[in-house]
Amino acid sequence: MSAAPEWLRKLAATAAVMDVPRFVQPPESGGRPSAVLILFGEGPEGPDLLYIQRSAGLRKHPGQPAFPGGSIDPDDDGPVAAALREAVEETGLDPSGVDVLSVLPELYIVRSGFRVTPVIGWWREPCAVGPGDPGEVAAVERVPVAALADPARRFTLRGPSGHLGPAFDVGPMLIWGFTGILTDRLLALGGWEQPWDKSVTRDLRRH
């Protein structure tokens, strides 16, 4: 059991007032409210982040990486409650071992129309996690921040729509799309980002 480290408290405070990139700024109206949990922990290789990989059979975002999360239901008491509830359902997380540190500005996923509120948490008491429903979640991974920041694992990925964005090849998981954009911002805000070759471009269909 440990309190959130000072570096994470600083990151959470900075992220709470971060500038939202133009291409993920929410429209004035419309969109479905949702929330994701950006959960930092302390693993064998230092700070890490919890990710899921969605099952290939899903109608929306099949096979894609994501932070645990989903739609904000009417019974949820806002984005924090929704992010924790979804994380419990998707990974088996014990929410009593999580300290919520900050709520980030709302972001927008154009392809799906979701208005996403990221919630930063500290995994004070880590527990075993795994896919809650294999029909929805194919894998759950704790990915070291050091691996995400490694320039050799970073490149620019061309997605299905032709959009170019940051991507991370971290062993069993390829992190890209909205989650890649958010991960990229977190590395920069946390001071972990290292120079990487943005000219190296790969196509998702050939990856």
Side-chain angles (χ1 to χ4, degrees), residues 20-21 23-26 31-41 48-73 79 82-93 104 106-121 129-145 147-150 153-188 196 198 200-207:
V20 176
F23 47 88
V24 288
Q25 287 182 357
R32 186 172 182 179
S34 65
V36 296
L37 179 64
I38 300 172
L39 186 58
F40 283 93
D48 57 25
L49 280 163
L50 184 68
Y51 292 89
I52 66 170
Q53 182 172 337
R54 303 197 182 283
S55 296
L58 291 178
R59 184 171 59 87
K60 291 186 176 180
H61 308 295
Q64 289 191 16
F67 291 110
S71 298
I72 299 177
D73 291 344
L84 289 172
R85 174 184 56 76
E86 287 282 350
V88 170
E89 295 174 2
E90 292 178 335
T91 73
L93 177 74
L104 277 58
E106 191 178 60
L107 310 175
Y108 188 66
I109 304 177
V110 175
R111 287 190 66 198
S112 61
F114 277 106
R115 308 177 74 99
V116 184
T117 300
V119 175
I120 290 184
V129 289
D133 180 355
E136 294 188 2
V137 178
V140 177
E141 298 285 345
R142 294 181 66 170
V143 179
V145 170
L148 294 165
D150 183 354
R153 297 174 181 262
R154 301 200 61 178
F155 53 93
T156 299
L157 188 72
R158 180 178 290 104
S161 65
H163 176 76
L164 296 173
F168 307 78
D169 190 350
V170 282
M173 191 169 287
L174 174 65
I175 298 171
W176 61 282
F178 174 80
T179 304
I181 293 170
L182 191 48
T183 299
D184 177 73
R185 293 299 303 143
L186 291 168
L187 291 177
W196 59 285
K198 296 179 176 63
V200 176
T201 302
R202 302 181 191 175
D203 194 305
L204 179 64
R205 293 169 294 183
R206 298 178 182 175
H207 197 278

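What you are looking at is a predicted structure, and each value in this text was computed from that prediction instead of being measured. The residues of the chain are indexed from 1 along the displayed sequence.
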Stepwise side chain to side chain donor-acceptor pair (under 3.5 Å) test for Arg32 and Ser71: CA-CA 7 Å; Arg32 186 172 182 179; Ser71 298; 3.1 Å; yes

Closest approach of [X] to [Y] (non-hydrogen atoms, all atoms of both residues):
X      : Y      : answer
Gly31  : Tyr108 : CA-CE1, 4.3 Å
Pro21  : Arg185 : CG-CD, 4.3 Å
Ala138 : Ser55  : N-OG, 3.4 Å
Gln53  : Pro172 : OE1-O, 4.0 Å
Ala82  : Ile72  : CB-CG1, 3.7 Å
Val20  : Gln25  : O-NE2, 3.1 Å

Test side chain to side chain contact (heavy atoms under 4.5 Å, CB included) applied to Leu148 and Ile175, step by step: CA-CA 9 Å; Leu148 294 165; Ile175 298 171; 3.8 Å; yes

Under 4.5 Å between any side-chain heavy atoms of [X] and [Y], yes or no?
X      : Y      : value
Glu86  : Ser34  : no
Phe114 : Val36  : no
Thr183 : Pro166 : no
Arg154 : Leu187 : yes
Leu93  : Leu37  : yes
Pro160 : Arg111 : yes
Ile52  : Glu136 : no
Phe178 : Val110 : no

What is the distance from atom [atom1] of [X] to atom [atom2] of [Y], rounded to the nearest 0.5 Å?
X      : Y      : atom1 : atom2 : answer
Thr91  : Arg142 : OG1   : CZ    : 11.0 Å
Arg85  : Asp73  : CZ    : CG    : 4.0 Å
Ile109 : Arg115 : CD1   : CZ    : 12.0 Å
Leu49  : Ile38  : CG    : CD1   : 7.5 Å
His163 : Leu157 : NE2   : CG    : 10.0 Å
Phe168 : Phe155 : CZ    : CZ    : 9.5 Å

Test item: Glu89 side-chain N/O and Gly132 main-chain N/O as donor-acceptor pair under 3.5 Å: no

Aromatic centroids of Tyr51 and Phe67 separated by under 6.0 Å: yes

CA sep, side-chain torsions, deciding dist, call: Val116, Val24, side chain to side chain contact (heavy atoms under 4.5 Å, CB included): CA-CA 10 Å; Val116 184; Val24 288; over 6 Å; no

